[in-house]
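Within every chain, numbering begins at 1; the chains are lettered A, B, ... in the order of the sequence lines, protein sequences first and strands thereafter.
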Amino acid sequence: MNELTLHPNVYQTGASKGLVGLLERLWVREHTPGEGTIYIISGFANYNGGVRFYDVFRRHIDNGGRVVAFLGGSTSQRLSSKQVVRELLQSGAEVNLINRKRLMHAKSYGVCTGDGEKLIVTSGNFTGPGMSQNVELSVLLDSATAGEMDFSWEGMTQAMLGQRWDIHRPDIANPDDPAWQLLYDEEDRGLVLDESDEATMVVRLGHADTARIMAIPGTSAYKGSQYFWLSKDAFGFFPPLTILNRRGYKSTYSTMITMNFVDLGREEEVRVTFEADNNLDFRLGTGPLRGTQLAQDGDIAAITRRREGSYELRIYRDGTPLHTALTRYAISFIGHRGKMYGYLSNSEFDEVIGLRNARGARIH
DNA sequence: CGCACTGGGTCA
DNA sequence: TGACCCAGTGCG
């Protein structure tokens, strides 16, 4: 069946809620690892755009399948990152970088197997924000429809390769390959945030988020790790999750960020983890809050991204005026226990909490 | 000892 | 079965 989605959570005609859901249908639910070829076409690409699927690609390739990607590349613009290309190449994917004066701006994803051709035509790039945060329109065309209009992935990709375009295939073994210069380094923590990335996430905390915060040291409730569970739609809100797990056998992708625990007056390094191979949990480590009694079920946490890897965390207790003021930004329901979350710009957040007046001047 | 891991639960 | 929810174990 064909499907259309306008994400995040705006409109959908079928069961899938957004681009990631459509991709899961094509590449996971309706696909057997090793069968046929997976295709990726995107002008922009970063690590978190693919983090849901690297495991899927690896398993597919290990079982004899192919993954073919066409990504934008440029020496002057930040189109695709070294990190996403390295990860794709390491899993065995074939990556073509298209360097054009006029951007390769198409976005399409799909698969070709013995069952036929399927494709998604979308505005969503292979990036964290494109996959979930931005408003993006996507259409999935099933094999019957693709067959009806005579679409072929092989035909389209061969036609792309036949253009007089500047196409590069970076060599994973050779860091001096000039093709790498078409890619940017997204792990440069000195990167200045785009204004649209200067955002604050507000999330209504639940029991699981606060049980260890409320626990008494020495009790069993105090044991284990202290996390806030976030929506996996929040990939785009964090730096690339490029750290792979060392110990376990279930792959996880994580990153370390600097978190200023404003209520503690303390800054700590904490880990953000995506449990790709366990239960798809997306967790923010908040260990320093353990046992502090600073947050309980129903309170609001505000997580403010100030720089690429620097964040601030503030807790607003249920029943306080600022809790009420911030709750109206938590507009998306997630999970099945009434958790809600949402975003607002940092300038708006600063104004709400009184760090800044309506004219944007900082208040001391 | 804290937290990276584990592996269930639960509802749509 | 996807995506949060939950309660630990045991490693370093």
Side-chain angles (χ1 to χ4, degrees), chain A residues 3 5 7-9 12 14-33 48 51-53 55-56 59 128 131-133 201-238 241-257 259 261 264 266 268-292 295-299 301 303 330 332-342:
Chain A
E3 271 189 82
T5 70
H7 77 226
N9 246 322
Q12 65 263 348
S16 304
K17 287 200 294 186
L19 178 53
V20 173
L22 296 175
L23 291 170
E24 280 167 345
R25 180 180 152 192
L26 282 202
W27 291 344
V28 184
R29 281 201 301 282
E30 297 182 359
H31 184 252
T32 308
N48 288 353
V51 76
R52 168 67 183 88
F53 297 107
D55 259 28
V56 175
R59 201 162 303 142
M131 287 291 160
S132 51
Q133 268 187 300
M201 178 197 296
V202 290
V203 54
R204 191 188 180 89
L205 302 172
H207 162 82
D209 302 308
T210 56
R212 293 179 176 83
I213 295 176
M214 296 303 292
I216 310 296
T219 63
S220 66
Y222 190 84
K223 291 179 180 171
S225 308
Q226 164 60 37
Y227 308 106
F228 289 167
W229 274 265
L230 304 178
S231 167
K232 78 179 180 62
D233 286 349
F235 282 166
F237 187 63
F238 293 100
L241 303 167
T242 48
I243 304 172
L244 305 189
N245 56 304
R246 315 176 136 261
R247 235 179 43 223
Y249 63 96
K250 296 188 167 186
S251 43
T252 70
Y253 299 84
S254 67
T255 186
M256 299 304 293
I257 60 173
M259 183 65 78
F261 292 86
L264 295 174
R266 222 166 85 212
E268 299 283 346
E269 296 288 302
V270 300
R271 188 181 299 273
V272 183
T273 308
F274 175 55
E275 298 275 346
D277 211 12
N278 186 13
N279 43 21
L280 307 183
D281 275 353
F282 191 49
R283 308 170 175 177
L284 169 64
T286 46
L289 289 174
R290 176 200 303 267
T292 59
Q296 63 181 336
D297 199 341
D299 291 347
I303 303 155
S332 296
F333 279 102
I334 47 173
H336 61 281
R337 303 297 295 263
K339 179 174 279 190
M340 304 186 74
Y341 86 107

Rounded to whole Å, CG of A:Asp277 lies from P of C:dG2 at a distance of 12 Å
Here the distance between atom C1' of B:dC3 and atom CG of A:Asn245, to the nearest Å, is 14 Å
Residue pairs meeting salt bridge (charged side-chain N to carboxylate O under 4.0 Å, His left out), one or both in residues 208-231 of chain A, sequence neighbours left out, come to A:Asp209-A:Lys339
**Report entry** Heavy-atom side-chain proximity of A:Asp233 to A:His7 below 4.5 angstrom
**Finding:** no
- Going by modelled atom types, is there a donor-acceptor pair between the base of C:dC5 and the side chain of A:Asp281 at under 3.5 Å? yes
Under 3.5 Å, sequence neighbours excluded: what are the donor-acceptor pairs made by side chains of residues 269-277 of chain A?
unit_1   : atom_1 : unit_2   : atom_2 : d
A:Glu269 : OE2    : A:Thr258 : OG1    : 2.8
A:Arg271 : NH1    : A:Ser254 : OG     : 3.0
A:Glu275 : OE2    : A:Arg283 : NH1    : 3.4

**Prompt:** Counting any heavy atom closer than 4.0 Å, what does A:Asn278 reach on the DNA or RNA strands: base, sugar-phosphate only, or nothing?
**Reply:** base
By side-chain contact (heavy atoms from CB on, under 4.5 Å), A:Ala208 pairs with (sequence neighbours left out) A:Trp229
Whole-Å distance, A:Arg290 CZ to B:dA4 C1', equals 12 Å
A:Phe53 meets the ring pair (Phe, Tyr, Trp, His ring centres under 6.0 Å) criterion, sequence neighbours left out, with A:Trp27
5'-most contact on DNA chain C (nearest-nucleotide basis), A:Gly206 vs A:Lys232, goes to A:Lys232
Any donor-acceptor pair under 3.5 Å linking the side chain of A:Asn245 with the backbone of A:Thr252? yes
Closest to the 5' end of DNA chain C, once A:Asp233 and A:Ala211 are matched to their nearest nucleotides, is A:Asp233
Check for me whether the distance between the ring centres of A:Phe282 and A:Phe237 falls short of 6.0 Å. no
Numerically ordered, the residues 248-257 of chain A set in heavy-atom contact under 4.0 Å with DNA chain B is A:Gly248, A:Tyr249, A:Lys250, A:Thr252
A:Glu268 atom CD is separated from B:dC3 atom C1', nearest whole Å, by 13 Å
When rounded to the nearest 0.5 Å, the distance separating OH of A:Tyr227 from CG of A:Asp281 is 8.5 Å
Sorted by number, residues from residues 14-29 of chain A placing a heavy atom under 4.0 Å from DNA chain C are A:Glu24, A:Arg29
A:Leu280 CG to C:dC4 C1', in whole Å, measures 10 Å
Does any N or O in the side chain of A:Asn48 come within less than 3.5 Å of the main-chain N or O of A:Phe238, such that one atom is a donor and the other an acceptor? yes
Residues 15-24 of chain A vs side chain to side chain donor-acceptor pair (under 3.5 Å), sequence neighbours excluded, gives A:Glu3-A:Ser16, A:Glu24-A:Arg52
### Query
Are any non-hydrogen side-chain atoms of A:Leu284 and A:Met259 less than 4.5 angstrom apart?
yes
side-chain contact (heavy atoms from CB on, under 4.5 Å) filter on A:Ser332, not counting sequence neighbours, yields A:Tyr341
To the nearest angstrom, the CG-P distance between A:Leu289 and B:dC3 comes to 11 Å
- prompt: Any luck finding a side-chain donor-acceptor pair between A:Thr210 and A:Gln296 under 3.5 Å?
  reply: no
Per the under-4.0 Å heavy-atom filter, residues of residues 269-276 of chain A near DNA chain B come out as A:Arg271, A:Glu275
Between CD of A:Gln226 and P of B:dC1 the distance, given in whole Å, is 19 Å
Between OH of A:Tyr341 and P of C:dA3 the distance, given in whole Å, is 12 Å
Taken in chain and number order and not counting sequence neighbours, the residues that satisfy side-chain hydrogen bond (donor to acceptor under 3.5 Å, both in side chains) with A:Asp55 are A:Ser251, A:Tyr253
Could you list the protein-to-nucleotides 10-12 of chain B atom pairs, N/O on both sides, closer than 3.5 Å?
none

d(A:Met201 CE, A:Gln133 CD) to nearest 0.5 Å is 7.5 Å
Rounding to 0.5 Å, atoms CG (A:Leu244) and CZ (A:Arg246) come to a distance of 9.5 Å
Contacts of A:Asn279 and A:Tyr222 projected onto DNA chain B by closest heavy atom; the upstream (5') one is A:Tyr222
State, with a plain yes or no, whether a side-chain heavy atom of A:Thr292 is found less than 4.5 Å away from one of A:Ile213. yes
What pairs of nitrogen or oxygen atoms, one from the protein and one from nucleotides 8-12 of chain C, lie under 3.5 Å apart?
unit_1 : atom_1 : unit_2   : atom_2 : d
C:dG8  : N7     : A:Arg212 : NH2    : 2.5
C:dG8  : O6     : A:Ser225 : N      : 3.2

